[in-house]
Novice: 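Structure provided below as structure tokens; questions to follow.
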4 protein chains.
Amino acid sequence: MSEPNIPAVRSRGRPRSDVSQLAILNATRDLLEERGLVDLTIEEIAQRAGVGKATIYRRWPSKGTLAFEAFAFQFLARQPLPDTGNLRGDLLAALLSWIRAVKGTVTGRTLVGLIAEVQRDPELAQIWAEKFVKPVRAQQHLLISRAVERGEIAATADPDIAIDMLFGPAYHRLLQSHLALSDRFARNLVDTIINGLAAGEPTVR
Amino acid sequence: MSEPNIPAVRSRGRPRSDVSQLAILNATRDLLEERGLVDLTIEEIAQRAGVGKATIYRRWPSKGTLAFEAFAFQFLARQPLPDTGNLRGDLLAALLSWIRAVKGTVTGRTLVGLIAEVQRDPELAQIWAEKFVKPVRAQQHLLISRAVERGEIAATADPDIAIDMLFGPAYHRLLQSHLALSDRFARNLVDTIINGLAAGEPTVR
Amino acid sequence: MSEPNIPAVRSRGRPRSDVSQLAILNATRDLLEERGLVDLTIEEIAQRAGVGKATIYRRWPSKGTLAFEAFAFQFLARQPLPDTGNLRGDLLAALLSWIRAVKGTVTGRTLVGLIAEVQRDPELAQIWAEKFVKPVRAQQHLLISRAVERGEIAATADPDIAIDMLFGPAYHRLLQSHLALSDRFARNLVDTIINGLAAGEPTVR
Amino acid sequence: MSEPNIPAVRSRGRPRSDVSQLAILNATRDLLEERGLVDLTIEEIAQRAGVGKATIYRRWPSKGTLAFEAFAFQFLARQPLPDTGNLRGDLLAALLSWIRAVKGTVTGRTLVGLIAEVQRDPELAQIWAEKFVKPVRAQQHLLISRAVERGEIAATADPDIAIDMLFGPAYHRLLQSHLALSDRFARNLVDTIINGLAAGEPTVR
DNA sequence: GCGTAACCGAGACGGTACGTCCCGTCTTGAT
DNA sequence: ATCAAGACGGGACGTACCGTCTCGGTTACGC
């Protein structure tokens with residue numbers, strides 16, 4: 001978000017301070033935990049970080065984009081690409097990792113808050129798409145393509161549908177809170193995704 | 001939300017004005033269209049409706065609950081309970097109705113905004129659960145139970161999983177905007193829900 | 001400045017609070033003494049008065065106009081209209097009162113600050129002209145017209161010149177600080193105003 | 001103020017750029033005209049002059065001192081020492097020169113602004129006393145002492161009072177704007193200074 | 001038909017955070 | 001050592017809304 005991969009042309013003037021950058025991100029991380037995204041204020045972050053407000057605004061256009069950067073690393077780090085050798089195991093492992101990361105955690109509340117914030121902050125929406133959705137999705141595609149290679153899924157199946165069927169219901173429960181994100185839910189969901197709802201041939205069940 | 005079904009004891013004092021009630025809801029509806037839920041302010045609604053702010057606060061505890069009331073009727077009215085005689089048809093009809101109601105519409109943008117708002121407004125969260133999730137979900141349960149009666153779904157199947165598999169991916173795409181809510185998506189999703197991902201033949205289940 | 005002489009039409013809505021009004025003026029008076037006009041901030045006045053900033057801005061367009069109101073009363077109260085029976089006595093008494101009020105006092109420093117502020121604040125400039133210059137000047141005119149009636153000054157003399165010759169040099173020394181506002185200066189000035197610079201005898205003109 | 005008359009020891013390192021010096025003064029002069037002293041900011045001067053802010057602070061301690069330097073030359077150049085051969089002519093010429101320089105001019109507005117600024121900027125106050133009040137006053141003293149030599153004024157008269165009686169009223173009108181700085185005012189003032197207010201018996205003057 | 005209680009529009013209230021502006025200083029690489 | 005550039009910590013600005021309170025006035029019931 002803020003670090004270009006290539007040092008670029010080394011712009012003129014005093015360079016931005018890494019110390020401030022870090023202090024801001026740490027203060028944000030702490031306050032996110034203490035107050036949640038909703039009650040986060042730029043003013044308090046600045047004060048906590050010992051930094052002028054302008055220094056924050058110089059780097060992040062909104063509190064959403066700042067919170068995202070403080071959130072993204074620790075979330076993404078907890079989403080390993082599982083490799084259990086079969087589709088069911090992979091999907092279940094991925095889903096359970098996600099549930100572990102978000103259920104009843106600060107990370108989870110922040111994730112929900114950020115999804116809410118994405119709806120109102122176009123700058124954040126762009127970063128969200130680029131730095132969150134895209135990499136996460138790329139990883140999820142691997143799960144599906146490996147299953148296709150193993151012949152567990154027909155090559156004609158739409159991988160996007162498959163991914164959305166796994167995480168869509170999970171996000172749905174996280175956001176609507178209508179039902180629990182239990183392990184039972186995870187197993188049940190994965191099985192139904194693979195086998196479908198349709199009552200099997202031995203209809204006599 | 002605000003009017004009790006039973007007139008109750010008919011309290012003393014000047015009764016609340018229906019004219020104001022309507023003016024507020026109309027102003028809210030208009031401003032929702034002009035600005036979106038995010039930039040909606042009670043102050044502007046009051047001004048537009050020619051009403052004191054207190055008159056609004058007397059009836060709704062927050063802008064979310066007010067916006068919900070302005071939103072709920074027109075959304076729910078567009079979600080008929082389909083009855084096509086088979087599971088696939090019912091699911092597809094329900095999903096397509098939902099997509100028609102939300103894709104590229106003010107209603108859709110308001111729905112997204114309300115889901116965001118639910119995360120930060122406890123009063124709204126309660127109303128949301130009671131007046132939106134519960135009735136909608138009850139209707140969706142009918143779809144599944146009818147399919148069970150018809151023998152299209154095993155009686156042991158979890159209807160909540162089934163419903164979440166249908167609408168979870170749809171809400172996911174609405175909120176994350178990563179992929180389009182196309183008719184093709186709807187058909188593909190319904191088929192996969194019913195038949196599962198698993199490759200072709202009645203694999204060794 | 002803020003109180004209309006006639007209660008007018010009694011405008012609608014909650015009336016402005018006299019308690020707040022007074023608290024603001026008192027806080028301003030205190031801070032004027034502690035910090036001086038230059039380092040006066042609306043923010044601190046609001047905090048000291050236990051009042052929102054908007055409540056101040058609703059009443060006074062700038063810190064200058066507010067400071068003026070806090071200053072004017074106590075200054076004007078100290079500028080009595082002297083009546084010693086002769087021009088010399090009257091002018092001297094008026095000048096000495098002025099010097100007593102401003103020399104080495106908070107009032108004096110505030111007066112200087114306000115004259116400075118008048119140069120940069122058009123709203124204040126208007127109030128200054130109306131509520132300060134005009135009444136003070138009207139009083140000073142009386143001094144001169146009484147002397148004319150007594151035959152001490154020719155009826156053709158310009159009273160404005162006379163007043164400016166008395167207070168102009170005084171303000172000049174207050175603002176430029178080049179020389180002291182001593183009693184000796186006052187006596188000397190008054191004498192020279194009355195008798196002129198021209199050397200003694202009806203010189204050979 | 002900034003250039004020492006003697007080059008001194010020719011200090012080490014890169015010498016200060018004359019080009020920058022001039023660019024800063026020119027930018028200041030222009031912005032003084034465009035915005036007035038009040039709304040002058042160091043930031044904008046630096047940008048306009050194509051110069052770093054530090055380069056300005058290295059030379060002038062405040063915007064007042066900088067503005068003074070941009071102002072002083074063109075003001076002082078317009079204040080010649082008149083020599084008409086008599087007191088009345090000299091005083092009138094000096095006063096009219098002053099009025100010409102300040103009435104309705106950028107120089108006048110800057111003069112007023114600087115007097116205001118002097119009240120809040122101690123560094124400027126010192127420079128103001130040394131580089132403005134002192135030389136101007138020395139020149140004005142000449143006017144009076146020549147009149148004393150000519151016998152037009154008693155040797156015992158206080159020359160400072162005389163000077164203040166001439167310019168005090170003028171500055172007063174410039175700062176308070178209560179009456180015009182007309183030629184009529186100038187003549188009337190000078191006459192009254194010389195002859196006094198008192199209705200003389202030898203009315204035959 | 002009078003009192004009283006709850007409502008009404010208007011708008012001021014104390015408060016909080018906003019995002020901007022400018023201050024005067026500091027830190028770069030380049031003269 | 002100074003230059004242009006521009007980031008730094010700081011602090012006040014004036015604004016926007018929040019949700020509450022206080023006016024004078026309006027209904028409509030219960031006495």
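Note that this is a predicted model, so its numbers are computed, not measured.
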Novice: Give a yes/no answer on whether the side chain of C:T55 brings an N or O atom under 4.0 Å of OP1 or OP2 in E:dA12.
Specialist: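 No, no such contact exists.
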
Novice: Checking C:T41 now: which residues fulfil side-chain hydrogen bond (donor to acceptor under 3.5 Å, both in side chains) with it, not counting sequence neighbours?
Specialist: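 Once residues adjacent in sequence are excluded, C:T41 has no partner under the side-chain hydrogen bond (donor to acceptor under 3.5 Å, both in side chains) criterion.
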
Novice: Would you confirm whether D:Q126, through its side chain, and D:P122, through its main-chain N or O, come within 3.5 Å as a donor-acceptor pair?
Specialist: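 Side chain of D:Q126 to backbone of D:P122: no pair is present.
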
Novice: A:Q21 CD to F:dG9 P: how many Å, rounded?
Specialist: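 Computing the A:Q21:CD to F:dG9:P distance gives 12 Å.
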
Novice: Please enumerate all residues that pass side-chain hydrogen bond (donor to acceptor under 3.5 Å, both in side chains) together with D:E44, with sequence neighbours excluded.
Specialist: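 Here the qualifying residues are D:R35.
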
Novice: Which residue, C:W60, C:F73, C:W128, forms the ring-ring contact (aromatic ring centres under 6.0 Å, His included) with C:F68?
Specialist: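 That would be C:W128.
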
Novice: Where each residue is assigned the nucleotide of DNA chain F containing its nearest heavy atom, which of A:S17 and B:K63 is assigned the position nearer the 5′ end?
Specialist: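 Nearest-nucleotide comparison on DNA chain F picks A:S17.
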
Novice: Without decimals, in angstroms, what is the distance between B:I56 CD1 and E:dC8 C1'?
Specialist: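 Rounded to whole Å, this separation is 13 Å.
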
Novice: Considering only residues two or more places apart or on different chains, which pairs with a residue in residues 49-58 of chain C satisfy salt bridge (Lys or Arg N to Asp or Glu O under 4.0 Å)?
Specialist: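 For residues 49-58 of chain C: C:E43-C:K53.
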
Novice: Answer yes or no: side-chain N or O of B:R14 and base N or O of E:dC8 forming a donor-acceptor pair under 3.5 Å.
Specialist: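 Side chain to base: no pair present.
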
Novice: Just how far, in rounded Å, is C1' of E:dG15 from OH of C:Y57?
Specialist: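 Those two atoms, OH and C1', are 15 Å apart.
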
Novice: What residues in residues 30-51 of chain C put a non-hydrogen atom under 4.0 Å from any atom of DNA chain F?
Specialist: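 Residues of residues 30-51 of chain C that come under 4.0 Å of DNA chain F are, in numerical order, C:T41, C:I42, C:E43.
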
Novice: CZ of A:R58 versus C1' of F:dA5: gap in Å, rounded?
Specialist: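 Going from CZ in A:R58 over to C1' in F:dA5 covers 13 Å.
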
Novice: Between E:dA10, F:dT27, F:dT15, which one does the side chain of C:K53 approach most closely?
Specialist: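 From the listed options, F:dT15 comes nearest.
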
Novice: Nearest whole Å is fine: how far is E:dC8 P from B:D18 CG?
Specialist: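 Result: 10 Å.
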
Novice: With sequence neighbours excluded, give me every ring-ring contact (aromatic ring centres under 6.0 Å, His included) pair touching residues 12-40 of chain A.
Specialist: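 Of all non-adjacent pairs touching residues 12-40 of chain A, none passes ring-ring contact (aromatic ring centres under 6.0 Å, His included).
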
Novice: Rounded to the nearest angstrom, tell me the gap between atom CZ in D:R59 and atom C1' in E:dG24.
Specialist: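 Distance check: D:R59 CZ to E:dG24 C1' gives 17 Å.
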
Novice: Measure CD1/B:I24 against P/E:dA10 and give the value in whole Å, please.
Specialist: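 Spelled out: CD1 on B:I24 to P on E:dA10 is 12 Å.
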
Novice: Picking from E:dA10, F:dC29, E:dC7, which would you name as closest to the side chain of C:R12?
Specialist: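 When the side chain of C:R12 is considered, E:dA10 is the closest of E:dA10, F:dC29, E:dC7.
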
Novice: Please determine, for the side chain of B:S20, which listed nucleotide (E:dT20, F:dA7, E:dC8) has the closest atom?
Specialist: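 Nearest to the side chain of B:S20 among the choices is E:dC8.
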
Novice: Under the rule for ring pair (Phe, Tyr, Trp, His ring centres under 6.0 Å), what residues qualify as partners of C:F71, not counting sequence neighbours?
Specialist: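 With sequence neighbours excluded, C:F71 shows a ring pair (Phe, Tyr, Trp, His ring centres under 6.0 Å) to C:F75, given in chain and number order.
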
